[in-house]
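To start, the structure under review is shown below, and the notes come after it.
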Amino acid sequence: MAYLIEGETGAWEIVIGLEVHAQVISNAKLFSGAATTFGAEPNSQVSFVDAGFPGMLPVINEVCVEQAVRTGLGLKAKINLTSVFARKNYFYADLPQGYQISQYDKPIVGEGELILDLADGSTRTVGIERLHLEQDAGKSIHDMHPTKSFIDLNRSGVALMEIVSKPDLRSPEEAGLYLTKLRSILRYLGTCDGNMQEGSMRCDANVSVRPVGSTELRTRCEIKNVNSIRFVQQAIEYEARRHVEVYESGGEIRQETRLFDSGRGETRSMRSKEHAHDYRYFPDPDLLPLVIEQAFVDGIKAGLPELPDEKKARFMAEYGLNAYDAGVLVAEKTSAEFFETVAKGRDPKLACNWVMGDFFAALNASGKTIEEPPVTAANLGAMIDLITDGTLSGRLAKDVFALMVETGKAPAVLVEERGLKQVTDTGAIEAAIDAVLAANPDKVQQVRDGKTTLLGWFVGQVMKATQGKANPALVNELLAKKVQG
């Protein structure tokens, strides 16, 4: 359902298109052999090509081409067997060549799609306009000196995939879902790590508004280089409301590029929006058209992994999970793999409950990643086995899980060390029940008079008396018999 802004003159619809700049996972840059390691010393990963030295010729990195094709296939997009690199001309201090090598009218990947799972259970198909390869610029640093700016060219020449959506998104929430889903696909494919905090995935949001019922695409503003999904949503919300206020006050929106100030939660003007002719695009004379063979594409396609949508469908069919649980588990490849390890040969719904409940809670509390979990998949699976075979009750399992988080020990070791094995001995449980009944004859009589809700209280007292070790099902069965006389 569309997210509407109620103005004084009526309701307005937001129209959003996103341009995502995803850094390609490659050990070398797009047109040079310089390294791409994040966090290296400034200007320590710069070749003569990256620094724009005269006479230095670019040489295409085949791995980057393969990664772009792989991403295009993951987005169900058309792969163009012939594409052209162009020079995008503009001047900035961190662009030493005075132009950026990019792709313009003939990109390597054409139209595709991405499917969003919306909160109301429906789906929305978002069109992908194109994916093209381009080299990144360097980094300008303005906060190290009161009067000087510094330039780090480590990022100069790093391969980027610019993934451009069609203006199919209608709310900040949908934009967030789109970025989350796209990042998930990129990580599954192994083409970009999606770490926005490191700048390896950045987003430009194109925002406009129109009266509800209109199909007109009005003037848009582009919000540049937003580096978190939350900030993208905030920027869209602010910018859309700004547009509505301008229109309703009788003004016009000027097409421009804007920046998002996360501290103030607002956008501000950066420059008037450039048009393609402003960049004087022309084919790069140092690079021939990029021609790839269908066999190359087919080989990459044959090696694609199971992607989130397909994995979700399989989890629902194979494990009997509902759409929500399956969607949460497959959102990240690592969490899907963790779940499948835990669920192998076990009750999948019980495994799902433990992974999405106690395990995810412990993961969040620990601040660790699932690659270094507070409890391993093997140990969590072993604990579920102890529940299944009756060694642990659900209550005792929670105690054991907490100890696993604390100590890192296997569940069987903890059960033995702490004496946490569930009591299934009928005689011991009957003795505990008899003691509780003898101590509360008035409540026993109330149950016999028809107040059966008190049975739950008796169960609690017996569990307390046995330190939570009694088998709850057996307690309920024996208690019902004894109370009724």
Side-chain angles (χ1 to χ4, degrees), residues 17-30 36 60-85 102-117 123-135 158-166 168-169 177-195 200-203 289-315 326-327 330-334 336-337:
L18 298 180
E19 300 173 12
V20 173
H21 303 265
Q23 181 177 323
V24 175
I25 292 179
S26 169
N27 292 328
K29 296 182 180 181
L30 183 55
T36 58
I60 189 73
N61 179 343
E62 184 178 346
V63 170
C64 296
V65 174
E66 181 180 346
Q67 293 285 60
V69 171
R70 188 175 173 85
T71 302
L73 292 170
L75 295 172
K76 300 179 177 59
K78 177 186 177 183
I79 307 301
N80 296 320
L81 299 183
T82 300
S83 59
V84 174
F85 284 100
S102 182
Q103 292 185 313
Y104 177 46
D105 57 343
K106 295 180 180 178
I108 189 168
V109 176
E111 292 189 349
E113 64 179 35
L114 187 149
I115 299 173
L116 303 182
D117 296 313
T123 61
R124 179 189 289 279
T125 299
V126 179
I128 302 296
E129 183 71 41
R130 57 186 278 146
L131 177 157
H132 64 257
L133 278 169
E134 64 183 21
Q135 58 178 182
V158 166
L160 297 178
M161 297 178 290
E162 182 169 332
I163 303 165
V164 182
S165 84
K166 294 186 177 182
D168 293 341
L169 298 161
L177 289 173
Y178 173 88
L179 291 171
T180 301
K181 182 68 170 287
L182 178 60
R183 182 172 61 184
S184 176
I185 291 171
L186 294 173
R187 286 175 171 172
Y188 267 79
L189 292 168
T191 57
C192 174
D193 62 28
N195 294 333
S200 55
M201 181 170 150
R202 309 190 294 274
C203 179
L290 176 62
V291 180
I292 57 180
E293 296 181 354
Q294 187 61 47
F296 177 76
V297 177
D298 293 342
I300 296 171
K301 188 174 184 178
L304 289 181
E306 184 181 43
L307 293 174
D309 288 342
E310 291 73 26
K311 193 178 290 290
K312 177 183 176 181
R314 180 171 65 82
F315 276 22
V330 306
E332 293 290 345
K333 185 179 179 182
T334 48
E337 291 172 345

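For the single chain, residues carry numbers from 1 onward in sequence order. Every heavy atom of this structure was used, including side-chain atoms; hydrogens, water molecules and symmetry mates were not.
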Would you say that Lys106 contacts Thr82 through its side chain, given a criterion of any heavy-atom pair below 4.5 Å between the two side chains?
no

Would you give the length of the straight line joining atom CG of Leu114 to atom CG of Leu169, rounded to the nearest 0.5 angstrom?
9.0 Å

Determine whether Ile163 and Leu18 make a side-chain contact, defined as any pair of heavy atoms from C-beta on separated by less than 4.5 Å.
no

Between Cys64 and Ala28, the two heavy atoms sitting closest are SG-O, 4.3 Å

For Ser184 and Val330, the nearest pair of non-hydrogen atoms, with its separation, is OG-O, 4.0 Å

Considering all heavy atoms, the nearest Leu30-Ala159 contact:
CB-CB, 3.7 Å

How close do Leu75 and Ile185 get, counting heavy atoms only, and between which atoms?
CD2-CD1, 4.3 Å

Inspect the contact between Glu306 and Lys311 and indicate whether a charged nitrogen and a carboxylate oxygen are less than 4.0 angstrom apart.
yes

Could you check if a side-chain atom of Val20 sits within less than 4.5 angstrom of a side-chain atom of Arg183, using non-hydrogen atoms only?
no

Shortest non-hydrogen pair, Ile79 vs Val69, comes out as CD1-O, 3.8 Å

Taking the side chain as every heavy atom from C-beta outward, state whether Phe296 and Leu81 have any atom pair closer than 4.5 Å.
no

Any donor and acceptor pair, going by atom type alone, linking the side chain of Arg187 with main-chain N or O of Asp193 inside 3.5 Å?
yes

Would the number of heavy atoms belonging to other residues, nucleotides or ligands and lying under 6.0 Å from CD of Gln294 be above 12?
yes

Rounded to the nearest 0.5 Å, what separates atom CG in Leu177 from atom CD1 in Ile115?
13.5 Å

Between NZ of Lys312 and CG of Leu307, what distance do you get to the nearest 0.5 Å?
14.5 Å

Stepwise, does the side chain to side chain donor-acceptor pair (under 3.5 Å) test hold for Thr191 with Gln67?
CA-CA 6 Å; Thr191 57; Gln67 293 285 60; 5.5 Å; no

Can you list the residues that meet the side-chain hydrogen bond (donor to acceptor under 3.5 Å, both in side chains) rule with Lys76, with sequence neighbours excluded?
none

Check whether any side-chain heavy atom of Glu310 lies under 4.5 Å from a side-chain heavy atom of Tyr188, and answer yes or no.
no

Lys166 atom NZ, neighbour heavy-atom count above 12 within 6.0 Å
yes

Any donor and acceptor pair, going by atom type alone, linking the side chain of Arg130 with main-chain N or O of Tyr104 inside 3.5 Å?
yes

Heavy-atom distance under 4.5 Å between the side chains of Leu133 and Val24, does that happen here?
yes

Please give me the minimum heavy-atom distance between Met161 and Ala68, naming the atom from each residue.
SD-CA, 3.8 Å

Once you round to the nearest 0.5 Å, how far does CG of Leu160 lie from OG of Ser102?
9.0 Å

Between Gln23 and Ser200, a side-chain donor and acceptor under 3.5 Å
no

Compare all side-chain heavy atoms of Glu129 with those of Glu111 and state whether any distance is below 4.5 angstrom.
yes

Asp117 (side chain) donor-acceptor with Gly327 (main chain) under 3.5 angstrom
no

Does a side-chain heavy-atom distance below 4.5 Å link Arg70 with Pro305?
yes

Interatomic spacing from CD1 in Ile292 to CD1 in Ile108 - rounded to 0.5 Å:
4.5 Å

Does His132 offer a backbone N or O that forms a donor-acceptor pair with the side chain of Glu162 under 3.5 Å?
no

Does Asp298, at its CG atom, have more than 12 non-hydrogen atoms belonging to other residues, nucleotides or ligands within less than 6.0 Å?
yes

Output yes when a side-chain donor or acceptor of Glu66 lies under 3.5 Å from a complementary backbone atom of Ile300, and no otherwise.
no

Any donor and acceptor pair, going by atom type alone, linking the side chain of Thr36 with main-chain N or O of Val158 inside 3.5 Å?
no

